[in-house]
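Here's the structure, in structure tokens; my notes come after.
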Amino acid sequence: MENEYREIRLQKAARLRELGVDPYALRTPERQPCAALVKAFEANNPEGTTEPKPVPGATAGRVLSLRMMGKKVAFLDVWDESGKIQFYINQKEVSPQEWEVFTNLDLGDWLWGKGDVTRTKTGEITLFVKTLKLLTKSLAVPPLEKSGGLQEKELRYRKRYADLLADPERRKTFATRSRVIFEIRKFLDGRGFMEVETPVLHAIAGGGTARPFVTHHNTLDQDLYLRIALELPLKRLLVGGFEKVYEIGRNFRNEGVDATHNPEFTMLELYQAYTDYYGMMELMESMLVHLLKTIRGADTDLSKVEWDGQVLNFTPPFRRVSYGELFKECTGIDMNDEAAVRAKAASLDIPKTFGHWKLVDELFDRFVQGKLDNPTFLTDYPTAICPLAKKKVENPQVAERFEIFCKGMELGNAFSELNDPVDQLARFEEQVKKGKVEKDEEVPKEVDYDYVEALEYGMPPAGGIGIGIDRIVMLMTNQHSIRDILLFPHMRKEE
RNA sequence: CCGCCCGUAGCUCAGUCGGUAGAGCAGCAGACUUUUAAUCUGUGGGUCGAAGGUUCGAUUCCUUCCGGGCGGACCA
């Protein structure tokens, strides 16, 4: 905060105040986007025009370059969200007070100008300023493209505003993120889904397995958890009679932070009555294709989608392979062979307190998950690790659940939703009991009896899916780190 | 949590085999009335991430800590 630049700029602001100029203008005079002025000129001066026909106009933006020619003339690059336009300012063309404003201008300041748009001798479309107004004085030096922009990742994440203002490309990534979410809503709207909002504060951290954040409500004197999943409230809505619901919202998990994990992240969860996990596979495929075509472009070749240097095939139908089959393929062990699984786990640093199916899941994560590059539906998980999914009729040992993986990353997780309240209660009780024995902090500590009671009123057969929006955005923007698609990724406190 | 790497001016980066530091941009002063990363001349700017140790002397070597990056472990 303390530096020579700040002092000089504060002095300039004080000087302007003496002249009766507010360095933080209350209002902006009428204006058009920078790019609109350029366009208007081009429209009036088609290709081949010899004598330029000036177009009057006014615009505003941030000054990011200033070139003086002598004491009385200057060229400025002015940027707004739409792009850039050059200002030409000549002492003879503006009032003495305006010239004074100009001489106290710094890089980073926001400036409004009005005049005629025409071409300079060198061909640059330029606003020849007749009237100008300082909109905002900046006290900090903006990172400048010609001096290398903002490179240090820590600075880019902590001071995202500086990162964004320094580089229009970075702004584009976040604009794309916004469009991805817009297109998801559009896609779901087209299928008749209703968007809902459910509580972030939960009395029981259910609907998934993850360590939750704990907080406390003072007047109720009650501990609360930040939600780790959206699942249970949404399925209560199916009981209530809504048939297609979804929520796009923030989840919180008190776990690791790395290139693909942020403590808070955005999930889409949707539930649809009268379908099952096969319906969810179709929906997932269609949604990904819709997003690739609308975000990456209508001419995108689905069989050659590049992501972080890898070429992936998104042509539906995606590969479908069962959990047990792939487990066998990658570990050489039958997942039902308890002795072999335990022996394998013992050779690694996996807690001995874990039961058989927890061990299977641990081995799976280590040996299988990272190998799946092309989008793959991994189906029929062991029932023991799927307390919210229906069992397969022909083999109750496995459940109608799939996870879709891509580049070793889980993109989505779906079930044929369990709606038998008696079975659900038994599975919850088993899960809580096991969690205590295994000292597994990711498992809910108590049974959500209210949810079981909701099922007693009858939930229609349904398919449901949860999709990690951040990872979808990474895929669509071809980014490698979650920090580059979150505006404000979580950072440790400084000092 | 483990391994490797990084932290020097507002920004991007050099550098010091141990003798308290440089460049470009930015700033300030000056020259130039159509520039395009404008050019030219002059000039100010640093507790070299923090603390401790070794040393006559540490920004440099060592230790610890803080923050970050990449990879691994764990989780979505």
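In this structure, CD1 of A/Ile8 is placed 18 Å from P of B/rU43, rounded to the nearest angstrom. Atom CG in A/Leu155 sits about 6 Å away from atom P in B/rC11, given to the nearest Å.
The side chain of A/Leu144 lies closest to B/rA26 when the candidates are B/rA26, B/rC74, B/rU33. Side-chain atoms of A/Lys72 lie closest to B/rU33 of the nucleotides B/rC28, B/rU33, B/rC11. With B/rG10, B/rG71, B/rU34 as the choices, the nucleotide that has an atom nearest any side-chain atom of A/Lys121 turns out to be B/rU34. Among the nucleotides B/rU35, B/rA26, B/rU34, the one closest to the side chain of A/Tyr88 is B/rU34. Distances from the side chain of A/Val141 to the nucleotides B/rG10, B/rG68, B/rG30 place B/rG10 closest. Distances from the side chain of A/Thr120 to the nucleotides B/rG67, B/rC28, B/rU34 place B/rU34 closest. The side chain of A/Met491 lies closest to B/rG68 when the candidates are B/rG68, B/rU35, B/rG71.
Contact annotation: A/Arg492 side-chain N/O to B/rG68 OP1/OP2 distance is under 4.0 Å.
Here B/rU59 sits opposite no nucleotide as a Watson-Crick or G-U wobble pair (both hydrogen-bonding atom distances under 3.5 Å). Pairing for B/rA29 is with B/rU41, a Watson-Crick or G-U wobble pair whose two hydrogen-bonding atom distances lie under 3.5 Å. In this structure, B/rG67 and B/rC6 make a Watson-Crick or G-U wobble pair, each of the two defining distances being under 3.5 angstrom. Pairing for B/rA14 is absent, with no Watson-Crick or G-U wobble pair whose two atom distances lie under 3.5 Å.
In this structure, CG in A/Leu378 is found 8.5 Å from CZ in A/Arg319, a value given to the nearest 0.5 Å. A/Arg62 contributes atom CZ, which lies 11.5 Å from atom CG of A/Leu135 (distance to the nearest 0.5 angstrom).
Among the atoms of the strands shown, base atoms are found under 4.0 Å from some heavy atom of A/Asp258.
Between the side chains of A/Gln86 and A/Tyr88, not a single donor N or O lies within less than 3.5 Å of an accepting N or O.
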